[in-house]
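Everything numeric here is computed off the predicted structure, so don't read it as measured data. We're numbering straight along the sequence, starting at 1.
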Amino acid sequence: VLFFVAGIMMTALSFAQERNPYPRTITVNGSAEMEIVPDEVYVQVYLKEYEKKGSGKVTIDKIRQNFLTAVRSLGLPVTAVSVSGYDANNNNPWWRKKNKKEELFASITYQVKLRNAAQVDQLVDKLDDNATQNFYISRTAHSKLEEFRRNLKIQAVRAAKEKAQYLAGAVDETIGVAITINEPGEFYQPYYGNMASNRMMKAEMVQDASAADQPQADFKKMKLRYDVSVVFELK
């Protein structure tokens with residue numbers, strides 16, 4: 001029985017050594033980060049029918065035509081504009097009481113993909129002040145975001161290897177193959193704006209007339225960061 005038990009223990013020890021061929025390891029963390037100026041600006045524009053004195057209601061079809069014409073004048077492709085909402089409501093109780101009927105005011109929300117702050121200003125200048133109920137920047141992005149992510153991940157792994165080399169060298173060791181590489185954790189800081197309406201934006205520009213002579217400021221930079229953990233063999 002003792003020989004049998006001893007044989008099982010030796011076999012288990014042999015299997016354990018085979019499963020863990022690198023018992024001496026070093027675990028290090030690497031990181032890489034960068035800041036980029038967004039070249040994709042997503043704007044939400046909320047348009048609604050309204051009553052024009054002496055002319056009656058300005059319909060949503062007319063408002064849509066004027067808006068799309070304004071967008072095309074900026075040289076944007078058709079794919080840059082999409083509909084993100086469409087509804088109708090009546091927010092005037094006095095009108096309903098006076099006319100004893102429901103007067104619906106249709107509305108539509110567009111998403112427009114722009115390239116920079118200058119195009120946002122150009123779009124604001126072309127909007128119908130009466131039809132535009134809300135205008136805000138929902139998010140920003142970059143057309144080469146996936147490429148930047150891939151390169152940063154590579155840089156993070158290389159940084160981990162470099163760190164492992166000098167740490168191992170401090171104890172007269174060298175590193176061997178990489179045993180495990182954990183997918184980098186991502187830190188992504190996009191820009192989210194919230195501008196109330198084109199009326200407010202235009203009012204702010206009028207308050208500072210000298211701003212027209214100043215350089216155009218761009219959007220806040222996006223920050224990308226990746227952290228990776230790598231286990232190396234110690235020789």
*Between Q44 and S84, does any side-chain donor sit less than 3.5 Å from a side-chain acceptor?*
yes

*Flag side-chain contact, heavy atom, 4.5 Å: D39 against H142*: yes

*Between E146 and R149, is there a salt bridge with N-O shorter than 4.0 Å?*
yes

*Tell me whether the guanidinium CZ or amine NZ of K161 lies under 6.0 angstrom from the six-membered ring centre of F232 and within 45° of its axis.*
no

*E173 side-chain N/O to A170 backbone N/O, donor-acceptor pair under 3.5 Å*: no

_Heavy-atom side-chain proximity of V41 to Q119 below 4.5 angstrom_ = no

*asked:* Just by distance, no angles: are the side chains of Y42 and E40 close enough, under 3.5 Å, to form a donor-acceptor pair?
replied: yes

*Step by step, would you call D128 with F67 a side chain to side chain contact (heavy atoms under 4.5 Å, CB included)?*
CA-CA 8 Å; D128 182 341; F67 174 77; over 6 Å; no

*Minimum heavy-atom distance A164-I26, with the two atoms named*: O-CD1, 4.1 Å

*Got K235 and E233 here, is their nearest side-chain heavy-atom distance under 4.5 Å?*
yes

*In the single-linkage hydrophobic clustering (I, L, V, M, F, W, Y; side-chain heavy atoms under 4.5 Å), do V83 and I137 co-cluster?*
yes

*Nearest 0.5 Å, what's the CD1-OH distance between I154 and Y226?*
11.5 Å

*Do V230 and Y166 sit in the same hydrophobic cluster, where Ile, Leu, Val, Met, Phe, Trp and Tyr count as joined when their side-chain heavy atoms come under 4.5 Å apart?*
yes

*Using a strict cut-off of less than 4.0 Å between a Lys/Arg side-chain nitrogen and an Asp/Glu carboxylate oxygen, indicate whether E183 and K153 qualify as a salt bridge.*
yes

*asked:* Run the side chain to side chain contact (heavy atoms under 4.5 Å, CB included) test on V120 and F135 for me, step by step, so that the C-alpha distance in whole Å, both residues' side-chain angles and the decisive distance to 0.1 Å come before the verdict.
replied: CA-CA 10 Å; V120 175; F135 176 99; 3.9 Å; yes

*Given side chain to side chain contact (heavy atoms under 4.5 Å, CB included), test L145 with L224 step by step and report yes or no.*
CA-CA 9 Å; L145 191 58; L224 296 175; 3.7 Å; yes

*Gap separating the CG atom of L114 from the CG atom of L123, nearest 0.5 angstrom*: 6.0 Å

_Separation between CZ of R72 and NZ of K126, rounded to the nearest 0.5 Å_ = 12.0 Å

*Rounded distance (nearest 0.5 Å) linking atom CD of Q65 with atom CD1 of I60*: 11.0 Å

*Would you mind reporting whether V112 and L76 have side-chain heavy atoms less than 4.5 Å apart?*
yes

